Amino acid sequence: MAPEYGATMGFFPVDAETLAYLRFTGRTPERVALVEAYTKLQGIFRTDQTPDPIFTDTLALDLATVEPTLAGPKRPQDRVPLRQSKAAFATAMEGVAQKHVAVKSNGDSFELGNGSVVIAAITSCTNTSNPSLMLGAGLLAKKAVERGLHSKPWVKTSLAPGSKVVTDYLQAAGLTPFLNELNFNLVGYGCTTCIGNSGPLPESVGAAIKENGLVAVAVLSGNRNFEGRIHPLVRANYLASPPLVVAYALAGRMDFDMASESLGNDQNGQPVFLRDIWPTPQEVENTVRSAVTTAMYNKEYAEVFQGDERWRSLPVPEGDRYAWEEKSTYIKRPPFFDGMPKEPLPLADIHGARVLAVLGHSVTTDHISPAGSIQPDGPAGKYLVANGVKPVDFNSYGARRGNHEVMMRGTFANIRLRNLLAPGTEGGWTLHQPSGEKMSIFEAAMRYQQECVPLVILAGNEYGAGSSRDWAAKGTLLLGVKAVIAESYERIHRSNLVGMGVLPLQFLAGQTPESLGLTGHETYSVEGVSTLAPHAQLRVRVRDDSGTEKAFDALARVDTPEEVAYYRHGGILPYVLRQML
C-alpha cells in the first residue's frame, strides 16, 4: 500500500517479534535464520540496545489520542472519527433534500433514504488477513446474534478474506455460524467490493436508488473508496475496520450515532448499544491465541499453488512464447510496439492540439482509469457486447486490464468524472472541437485521431492521486493525448505519464486554467519540446476560434535525465526494448 501514501516502498523495523511471526505462520527455520542474519548484517534489526536511526524528519504519535475512525465519503485520506460520523455525513449532505422511499425486497418491506447503508463488506487483502480484526468482527457478530440483533434487510453483506487461513480460524473459534446468521457469508478470497466487484444490488433496491437519486452508502474494510469505484449506484463510501462493518450492517444507515443510538432491542425489549457488544481487547487476544495455529498456515500454504480440479484441468499451450488468441476479450496483443523504428525519432514540438477534457482538483487514477464495473451503455460495454460478451459476464475493468481495447475505452469513463468542457454532464463525456458535438471521450479521441489532431488534458491540483494504476497512463497515451497540463501531480502518476511518452506540464506558481482564462475550446501548441531538459520551462501558445492568441510558460515535469531518455524513446517500453535489441 506504499503508493497510497505517496511512497515507493515502506521500511519497517525487524525485531524478535518479526521472527516469531515468521515461525508462527509456517516459514521454514532456514528462512527465519536467513532473515535474522541478513537484517542484523544490514544493521536494520532492532533491539532495546539499538541506537535510533538518523532521519531527515520525524513524526510523533500519542497513542492515547488514537480512536475508532472511518474514512470517507470518497477519499481514503478523509478521516472521520466515529464519534463525529453522523455529523460529518450531515455536513457532506448539505444541500441534498432528504427522501424516504418505500421498498419491498425478498418479502421484506422497508424505507430507503439518503444515508442508507446498502453494502457492508468485509473485504480487501489488508484488513482481512489480520486475525485480531477478523476474530474481532466474529466476536461482535456472536454477541449481536446472542442479543437478538439482525443485519438490516436492505444491506448487501459479504465476507471475502485475504487468506484461506481466515476461514480456518473463524471456524475453529466457532464464529462462522454467527457471521452467517448476519449474512456475512463467505463469497471468495481477495479482491471483491474494494475493487468494484460487489455485484448487483437487489433489483428493487437499485431501482429505488436510481429513480429517486438517493445517496446510498457502502461501508467496507478495504483501503480505497474513490468515486465510482465501489458500485455505480453508491455515491458515498466509507472505509472501516471489519468489526465496524458488522456494526453498520446492524445500524443500516450512516446518519447514526454509534455512541448514543441503539442498534436494536434484545429479546427482553432492552436497547442494545455498540458498547454492549464490542469485544474487549482481552477477549480478542484470548480468541486469537486459542483459534489461530501454525498448522493452519502450513496446511493452506502447502497447497496454495495446486488449485482445484477446474484449474488443474485447464489446457496449457506448449512453447516458450505466448499464443495470442484473436477472439479473447481478456488478453490481446497490445499495440505499444507497433510501427516502432529501431532508433527513436527526434523530439518535436506539439502543434494544433485540442483539449479532450478540462478537469478539476483531486482527479484520481480511478477517475482516469476506473477499476470497477463496466457499464453496458458505455464504449467498453458496447465493445464487449459486439464481441459476444453478455453484460452479466462483463466482469470489471480490473479483470480485463490485459485487453487494451477495453481499457482505452474505459479511460476517462468513470461515471463520476466531471469534464468542465461538457458542463452539466457526469461520466466520460466531452465536446468535439470545433464542431461542438457532444460524444463520449473515447469517440471524440478516435475522431481526433482520424483528423490527425493531437490532444491535451487540462487539470487542477493533485492530478493522478490515489492508486498507482499503470492504465491511467497507458490509456491516456492510446487515446492520443500528447501532454497533460496540471497545477500539480501525484508523483507516481507523473512518472507513469513520462514512462508512457506523455508529457506532464505544470502551471507555474499562482497560475491556473481559470487565471489564464483557458476554456478548453482553444488549440494548443507546446514549444521547446525538441530541446527538452529536466525541469525546462516550455512555451504554451493558445489560440481560440476567433484567432486571438495568448501564451504562458509551463514547467516540464520530466525531472531527471533518465526520464528525458524515456520520453525521447516514446516511453519506457520502447526504451527497454531498444536496449535489448
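Source: prediction; values computed, not measured. We number each residue from 1, following the sequence as shown.
Between Glu405 and Lys332 there is no salt bridge, since no side-chain nitrogen of the basic residue lies less than 4.0 Å from a carboxylate oxygen of the acidic one. Salt bridge Glu490/Arg494: absent, no basic N to carboxylate O contact under 4.0 Å. Under a 4.0 Å N-O distance rule, the pair Asp349/Lys482 does not qualify as a salt bridge. Under the 4.0 Å criterion applied to side-chain N and carboxylate O atoms, Arg447 and Glu437 are assigned as salt-bridge partners. In this structure, Lys104 does not pair ionically with Glu203, as no charged nitrogen and carboxylate oxygen lie closer than 4.0 Å. No salt bridge links Glu522 with Arg543; every basic N to acidic carboxylate O contact stays at or beyond 4.0 Å.
Counting non-hydrogen atoms of neighbouring residues, nucleotides and ligands closer than 6.0 angstrom, the CZ atom of Arg557 exceeds 12 such neighbours. Atom CH2 of Trp311 has 12 or fewer neighbouring heavy atoms from other residues, nucleotides or ligands inside a 6.0 Å radius. In this structure, Lys156 places its NZ atom where more than 12 heavy-atom neighbours from other residues, nucleotides or ligands lie under 6.0 Å away. A 6.0 Å sphere centred on CG of Asp338 holds more than 12 heavy atoms belonging to other residues, nucleotides or ligands.
Using a 3.5 Å distance cut-off with no hydrogens or angles, the side chains of Glu462 and His361 do not pair a donor with an acceptor. For the residue pair Thr365 and Ser467, no side-chain donor N or O sits within less than 3.5 Å of a side-chain acceptor on the partner. With no hydrogens or angles considered, no side-chain donor-acceptor pair links His367 and Arg416 at under 3.5 Å. Side-chain atoms of Glu487 and Thr512 form no donor-acceptor pair, as typed in the model, at a separation below 3.5 Å. Side chains of Gln506 and His535: no donor on one and acceptor on the other come within 3.5 Å. The closest side-chain donor-acceptor pair between Thr430 and Asn419 falls under 3.5 angstrom. No hydrogens or angles considered: a donor-acceptor pair under 3.5 Å links the side chains of Gln375 and Ser373. Side-chain contact of Arg354 with Thr523: a donor-acceptor pair under 3.5 Å is absent, judged by distance alone.
Under a 3.5 Å cut-off, the side chain of Asn387 and the backbone N or O of Tyr383 do form a donor-acceptor pair. Between the side chain of Asp544 and the backbone N or O of Thr548, at least one donor-acceptor pair lies under 3.5 Å. Checked by atom type and distance alone, the side chain of Asn114 never pairs as donor or acceptor with a backbone atom of Leu214 at under 3.5 Å. Proximity of a side-chain donor or acceptor of Thr364 to a complementary backbone N or O of Gly466 within less than 3.5 Å is not detected. Side chain of Asn212 to backbone of Ala208: a donor-acceptor contact under 3.5 angstrom is found. Side-chain atoms of Arg578 come within 3.5 Å of backbone atoms of His569 as a donor-acceptor pair (strictly under, hydrogens ignored). A donor-acceptor distance shorter than 3.5 angstrom exists from the side chain of Thr476 to the backbone of Ala472, with no hydrogens or angles considered. Although no hydrogens or angles enter the test, the distance criterion places a donor-acceptor pair under 3.5 Å between the side chain of Asn414 and the main chain of Glu227.
Checked against a 6.0 Å centroid threshold, the rings of Tyr248 and Tyr238 do not count as neighbours. Under the 6.0 Å cut-off for aromatic ring centres, Tyr448 and His432 qualify, their centroids lying closer than that.
Side-chain contact between Val234 and Ile119: present, with at least one pair of heavy atoms (C-beta onward) separated by less than 4.5 Å. In this structure, the side chains of Ile368 and Thr411 come closer than 4.5 Å at one or more pairs of heavy atoms. Inter-residue side-chain proximity for Val219 and Met254 is flagged as met; some heavy-atom pair is nearer than 4.5 Å.
Once rounded to the nearest 0.5 Å, the distance linking CD1 of Ile331 with NE2 of His404 reads 13.0 Å. Going from atom CG of Asn225 over to atom CG of Leu220 covers 7.0 Å, rounded to the nearest 0.5 Å. Atoms CG and CG, on Asn223 and Leu239 in that order, are 7.5 Å from each other to the nearest 0.5 Å. We find the OG1-CZ distance between Thr425 and Arg418 to be 10.0 Å, quoted to the nearest 0.5 Å. Atoms CD and CZ, on Glu443 and Arg409 in that order, are 10.0 Å from each other to the nearest 0.5 Å. Rounded to the nearest 0.5 Å, atoms OG (Ser530) and CG (Leu347) are 7.5 Å apart.
Between Thr69 and Leu244, the shortest heavy-atom distance links the atoms O-CD1, 4.2 Å. The shortest non-hydrogen separation linking Leu479 to Phe412 is CD1-CD1, 3.9 Å. Scanning all heavy atoms of the two residues, the minimum distance from Leu417 to Leu359 falls at CD1-CD2, 3.9 Å.
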Quick one, Ile485 with Phe507, criterion side-chain contact (heavy atoms from CB on, under 4.5 Å). Give me CA distance, side-chain angles, the key distance, then yes/no.
CA-CA 7 Å; Ile485 314 176; Phe507 291 104; 3.5 Å; yes

Give the intermediate values and the outcome of salt bridge (charged side-chain N to carboxylate O under 4.0 Å, His left out) for residues Arg75 and Asp366.
CA-CA 11 Å; Arg75 299 193 308 175; Asp366 271 74; over 6 Å; no

Under the criterion side-chain hydrogen bond (donor to acceptor under 3.5 Å, both in side chains), I'd like the reasoning laid out for Thr123 against Ser221: C-alpha separation, chi angles, the key distance, then a yes or no.
CA-CA 5 Å; Thr123 178; Ser221 65; 5.9 Å; no

With salt bridge (charged side-chain N to carboxylate O under 4.0 Å, His left out) as the test, would you mind laying out the steps for Asp377 and Lys382 before giving the verdict?
CA-CA 6 Å; Asp377 56 352; Lys382 292 177 180 177; over 6 Å; no

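Taking the six-membered ring for Trp and thresholds of 30 and 60 degrees, Trp154 and Phe110 have ring planes inclined between 30 and 60 degrees apart. Using a 30° and 60° split on the angle between ring planes, Tyr489 and Tyr463 fall in the perpendicular class, above 60°.
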